[in-house]
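So the structure is just underneath, and the comments pick up after that.
Worth knowing before you read on, the calculation uses all heavy atoms, side chains too, and leaves out hydrogens, waters and symmetry mates. All figures in this text were calculated on a predicted structure; none of them were measured in a lab.
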Amino acid sequence: MAETEGEFEDLVSDFSASFTVSNDAENCATTRIDQYKSKTTKQDQETRRANFLERQKSDRHKSLSVLRDLEDSEEEKKKKWNPFKNQLMLSEWLDHEPHDFEENWFCKVAPVGNRTLIVAQRGHTASYTKSGYRTCTFPSLLPGGHNSTKSSYSVLDGVWSEEGQCFYILDVICYKSHPLTDSEADFRFFWGGTKFCEDLCGIGEVGRKNPYPMIWLPHFACQKALLTASINEPRPFKIDGLIFYHKQGHYSAGACPLVGWIKPDMIKEVLGMELNLSAFHMEDT
């Protein structure tokens, strides 16, 4: 097990070098509701989104360059650090409807569960909490996740559902050794949905090489009529909330203003939409 853990650390040390973690991840409120209570103004949030998009343009090829040129020194290898910590992209409360909401945003319905970083490499798969704690090691049908594909690796952003004993996948960070951190959400969601539907036969089912199913969460456009219909579709899980992604947003570790979050009972307040909340299979709060 120690050898396997070391291999994973080597992988993610390379992988994490491609990220610039926002300081907001360390200084965020202890709970989502605390963060929501200290709302920003609409102008503040819109300005930060615009600034974030501009920074993305200048850093577009930075992560790939780091991955190519990285060469760990012996001194760096001796450092005590957790390469899995703070690698997930975190949302902000969606305080106001963005001005380009219907044109440039996607939505995903998030299940109740624990956010998880999933790393598949050298014939093993491991899941990690936001703080970098390893919760489980197992085989999977992901590229890199079992012996027949151990020459490649994959990294996913997902939610572990204790009730369903499965992973619901929100985003794809790296697939088959191909980093997607510099790809826009529009492409990542298309890529991930296509791979899960066409290339990963059986990954959504329990099997000897895949003890924990991984289910890709679909995204949908934020036109109000379509949004209402999509949200009301039946789902096999309790709903925790809605996650909104800017189409042009890259995958950036830490708090990101291009990813918004609301609870279902906040939809009317934030988006001005009337929904029959009794139809939701929501977690009791």
Side-chain angles (χ1 to χ4, degrees), residues 1-19 60-72 76-77 82-85 87-89 115-129 132 134-160 166-217 250-253:
M1 182 67 71
E3 181 181 358
T4 300
E5 184 172 358
E7 291 173 348
F8 276 121
E9 289 178 352
D10 289 343
L11 163 69
V12 180
S13 65
D14 288 359
F15 165 70
S16 62
S18 68
F19 281 150
R60 179 172 292 274
H61 301 295
K62 183 178 178 180
S63 61
L64 292 180
S65 176
V66 171
L67 286 172
R68 292 191 199 100
D69 300 337
L70 181 66
E71 184 176 352
D72 289 335
E76 287 173 331
K77 290 180 180 179
N82 187 340
F84 306 100
K85 184 178 181 180
Q87 301 299 345
L88 292 168
M89 182 166 64
R115 279 292 295 280
T116 303
L117 182 74
I118 302 166
V119 182
Q121 195 256 358
R122 293 175 183 158
H124 303 277
T125 307
S127 58
Y128 298 86
T129 65
R134 188 178 65 187
T135 57
C136 190
T137 303
F138 53 95
S140 76
L141 295 180
L142 287 172
H146 57 95
N147 286 334
S148 62
T149 62
K150 61 183 180 181
S151 61
S152 63
Y153 64 92
S154 301
V155 185
L156 304 177
D157 177 349
V159 176
W160 165 251
C166 65
F167 295 97
Y168 289 101
I169 307 304
L170 289 167
D171 212 333
V172 55
I173 306 170
C174 181
Y175 184 85
K176 222 170 190 176
S177 304
H178 178 70
L180 295 168
T181 51
D182 278 347
S183 298
E184 296 179 352
D186 198 355
F187 176 78
R188 295 198 312 274
F189 292 169
F190 168 77
W191 177 282
T194 299
K195 297 303 177 184
F196 268 73
C197 290
E198 299 179 1
D199 295 355
L200 298 175
C201 181
I203 198 168
E205 303 170 358
V206 176
R208 183 173 61 85
K209 294 182 178 180
N210 197 72
Y212 301 112
M214 296 188 189
I215 302 165
W216 180 260
L217 289 172
H250 296 179
Y251 195 97
S252 175

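- Interatomic distance, Ile173 CD1 to Leu88 CG, rounded to the nearest 0.5 Å: 6.0 Å.
- Contact detail for Cys201 and Leu141: the closest heavy-atom pair is O-CD1, 3.5 Å.
- Between Tyr251 and Leu180 there is no side-chain heavy-atom pair separated by less than 4.5 Å.
- Distance check, rounded to the nearest 0.5 Å: OG1 of Thr135 to OH of Tyr128 gives 9.0 Å.
- Shortest non-hydrogen contact noted between Gly204 and Pro213 is O-CB, 3.4 Å.
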Does the pair Arg115 and Asp157 meet the rule for a side-chain contact (heavy atoms from CB on, under 4.5 Å), with working shown? CA-CA 8 Å; Arg115 279 292 295 280; Asp157 177 349; 2.8 Å; yes

Are Asp171 and Met89 close enough, and set up right, to give a side-chain contact (heavy atoms from CB on, under 4.5 Å), and what steps lead you there? CA-CA 10 Å; Asp171 212 333; Met89 182 166 64; 4.1 Å; yes

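- Note that the CZ atom of Phe196 and the CD1 atom of Ile169 stand 5.0 Å from one another [nearest 0.5 Å].
- The number of heavy atoms from other shown groups lying within 6.0 Å of NZ (Lys195) is above 12.
- Considering all non-hydrogen atoms of both residues, Met214 and Ser140 come closest at CE-CB, 3.9 Å.
- Under the 3.5 Å distance criterion, with hydrogens and angles disregarded, no donor-acceptor pair is assigned to the side chains of His250 and Ser252.
- The minimum heavy-atom distance between Pro211 and Pro139, with the atom names listed, is CD-O, 3.2 Å.
- Taking CG of Asn210 as the start and CG of Leu142 as the end, the distance is 7.5 Å to the nearest 0.5 Å.
- In this structure, the side chains of Tyr175 and Leu200 come closer than 4.5 Å at one or more pairs of heavy atoms.
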Test side-chain contact (heavy atoms from CB on, under 4.5 Å) on Phe167 and Ser127; report intermediate values, then the result. CA-CA 10 Å; Phe167 295 97; Ser127 58; 4.0 Å; yes

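- Expressed to the nearest 0.5 Å, how far CG of Asn82 lies from CD of Gln87 amounts to 8.5 Å.
- Between Ser177 and Tyr153, some side-chain heavy-atom pair lies under the 4.5 Å cut-off.
- Tyr212 and Cys136 get closest at one heavy-atom pair: CE1-SG, 3.8 Å.
- Listed for the Ser154 side chain is a donor-acceptor partner under 3.5 Å among the backbone atoms of Pro143.
- Between Arg188 atom CZ and Leu170 atom CG the span is 11.0 Å, to the nearest 0.5 Å.
- Of all heavy-atom pairs between Thr125 and Gly145, the closest is OG1-CA, 3.4 Å.
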